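Just the heavy atoms: all of them, side chains too, but no hydrogens, waters or symmetry mates, feed the values below. Computed from a predicted structure; not experimentally measured.
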Amino acid sequence: MDSIIKKPDNNKELILYVDDEVKNLDSFKIIFRREYDVLVAKSAQEGLEMLKENEVRLVITDQRMPNMTGVEFLEKIANLYPEITRIILTGYSDMEAIISAINKGRVFRYITKPWDKNELKETIDYALEAYKLRIENKELIKQLKKTNKELDELVYRSSHDLRAPLASVLGLINLAKKEEDLEQIRQYLDLQESSVKRLDELLKEIIQYSRNSHLEVRKDDIIINDVIKNAVDIHEYFIGSQHIKKTIDVVQTGKLYCDKYRLEIILNNLISNAIRYSNLNQPQPELNISAVVDQNEVVIKVADNGIGINPKLKNNIFDMFYKGSDEKMGGSGLGLFIVSESIERLKGEIQLDSQEGKGSTFTIKIPNNAETED
């Protein structure tokens with residue numbers, strides 16, 4: 001049978017106290033069980049087994065124990081679980097052990113025995129706060145590295161994608177200046193318009209990416225049917241859009257609180273993609289958008305019967321600048337990446353079901369932050 005990992009109580013932090021004297025374990029648990037979720041172990045080895053099965057924030061250990069000292073125990077923890085904060089209990093005479101604990105076990109603090117209840121509680125609270133800060137800093141560093149990597153790629157790729165249509169426009173202008181045939185000039189102007197539209201699309205997506213990265217998540221009171229309808233209307237005059245049969249099916253029985261700006265980004269990008277990759281050669285191209293809102297979440301589905309996505313490309317489709325289709329279809333490769341990032345900021349999830357030649361369905365689930373009324 002698999003081990004059941006014990007997680008901290010919602011209102012208490014989980015700490016582990018290790019001591020080979022049972023009376024000390026009982027005393028510690030009785031004194032601190034109201035403030036913390038307390039685990040106790042009679043040996044370092046037993047403590048290590050407990051750490052495998054429990055999400056412990058803090059370890060407190062006595063120094064003088066048989067088979068494995070407190071310093072040796074904390075050294076193992078420092079290597080196996082570096083995020084756990086560590087405290088050692090030792091006597092005044094064990095100065096060598098204290099120095100060793102600092103050097104090898106990388107302890108947060110040492111407490112001299114016999115310990116004082118108030119002093120130990122204050123130290124535990126400081127240690128738990130240090131744990132929280134360490135985890136937060138770790139997550140911030142991880143997020144910063146991710147953001148820096150994306151920013152580097154964004155600058156490199158967008159500068160290239162901006163220069164290409166600009167160079168095309170400049171070249172077409174020079175050709176138009178030398179041309180006297182009005183029909184040929186019109187063709188040059190059409191090509192320039194196409195290049196400018198590519199520039200405009202890329203710039204809008206860069207702005208979306210920037211705003212999504214920096215703006216705080218809002219809680220707007222949303223009528224989801226209005227948001228979907230507006231997103232569809234915006235795309236009504238896109239090339240090929242008028243040939244597509246569009247249906248909207250919404251069930252909203254209560255309040256929906258969500259970030260309207262990010263919701264619009266998600267819908268606009270998915271609808272734009274569905275139109276761009278529609279199959280206009282079939283009898284009836286379709287775009288179906290549905291939404292169901294309850295007190296917990298909103299589930300949105302954007303389904304089309306377009307060209308679909310190759311199964312080999314599905315794992316990469318949300319990567320920055322990834323283009324899984326023919327370059328002739330247009331697009332910067334930023335749209336679905338921005339969709340994914342926006343959904344992540346809303347603490348939601350997205351799922352793609354697609355068959356090549358038959359169409360794609362994107363299913364989005366976003367928490368409803370509706371406030372309960374008293």
Ring center gap for Tyr17 and Phe28 short of 6.0 angstrom: yes
Is there a donor-acceptor pair under 3.5 Å between the side chain of [X] and the backbone N or O of [Y]?
X	Y	value
Asp37	Ile15	no
Lys365	Ile300	no
Asn54	Val56	no
Ser342	Ile338	yes
Ser278	Ile275	yes
Asp220	Lys260	yes
Glu122	Glu119	no
Asp226	Ile222	no
Glu264	Val227	no

Return the [atom1] to [atom2] distance between [X] and [Y], rounded to the nearest 0.5 Å.
X	Y	atom1	atom2	answer
Ile366	Ile266	CD1	CD1	4.0 Å
Leu267	Ser272	CG	OG	12.0 Å
Leu336	Ile350	CG	CD1	7.0 Å
Leu128	Arg57	CG	CZ	9.0 Å
Asp62	Thr90	CG	OG1	7.5 Å
Gln184	Leu189	CD	CG	10.5 Å

Check against side chain to side chain donor-acceptor pair (under 3.5 Å), Tyr36 and Asp125: CA-CA 10 Å; Tyr36 316 107; Asp125 289 340; 2.7 Å; yes
Hey, any chance [X] and [Y] share a hydrophobic cluster, counting ILVMFWY side chains that come within less than 4.5 Å of each other, even indirectly?
X	Y	value
Leu14	Leu16	yes
Ile248	Phe238	yes
Val299	Ile343	no
Val217	Leu263	yes
Leu39	Leu80	yes

Any side-chain heavy atom of [X] within less than 4.5 Å of one from [Y]?
X	Y	result
Met65	Asn67	no
Ile111	Thr123	yes
Asp221	Lys255	yes
Lys301	Ser290	yes
Asp19	Thr61	no
Ile173	Gln192	yes
Tyr188	Glu179	yes
Ile77	Leu74	yes

Do you know the tightest heavy-atom contact between [X] and [Y]?
X	Y	value
Leu287	Ala274	CD1-CB, 3.7 Å
Val232	Ile289	CG2-CD1, 3.6 Å
Phe108	Ala130	CE1-CB, 3.8 Å
Ser360	Ser354	OG-OG, 2.7 Å
Arg86	Tyr81	NH1-O, 3.8 Å
Gln252	Val293	CG-CB, 3.8 Å

Donor-acceptor side-chain pairing of Asn305 and Gln282 below 3.5 angstrom: yes
Side chains of Arg134 and Thr85, donor plus acceptor under 3.5 Å: yes
Verdict with supporting geometry, Glu349 and Ile364, side chain to side chain contact (heavy atoms under 4.5 Å, CB included): CA-CA 6 Å; Glu349 59 184 58; Ile364 303 105; over 6 Å; no
Trace of the side chain to side chain contact (heavy atoms under 4.5 Å, CB included) decision for Lys42 with Leu25: CA-CA 8 Å; Lys42 297 188 292 293; Leu25 298 178; 3.6 Å; yes
Criterion side chain to side chain contact (heavy atoms under 4.5 Å, CB included) on Thr363 and Thr361, from CA distance to verdict: CA-CA 6 Å; Thr363 302; Thr361 299; 4.0 Å; yes
Salt bridge present between Lys132 and Glu13 (N-O < 4.0 angstrom): yes
Other residues, nucleotides, ligands: >12 heavy atoms within 6.0 Å of Glu46 CD: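 Counting other residues, nucleotides and ligands, CD of Glu46 exceeds 12 neighbours.
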Residues Leu48, Met68; criterion side chain to side chain contact (heavy atoms under 4.5 Å, CB included); working and verdict: CA-CA 11 Å; Leu48 289 172; Met68 190 187 303; 4.2 Å; yes
Glu286 vs Lys246, salt bridge (charged side-chain N to carboxylate O under 4.0 Å, His left out): CA-CA, chis, key distance, verdict: CA-CA 6 Å; Glu286 294 181 0; Lys246 306 176 187 72; over 6 Å; no
Salt bridge (charged side-chain N to carboxylate O under 4.0 Å, His left out) assessment of Asp190 paired with Arg186: CA-CA 6 Å; Asp190 288 341; Arg186 287 193 185 95; over 6 Å; no
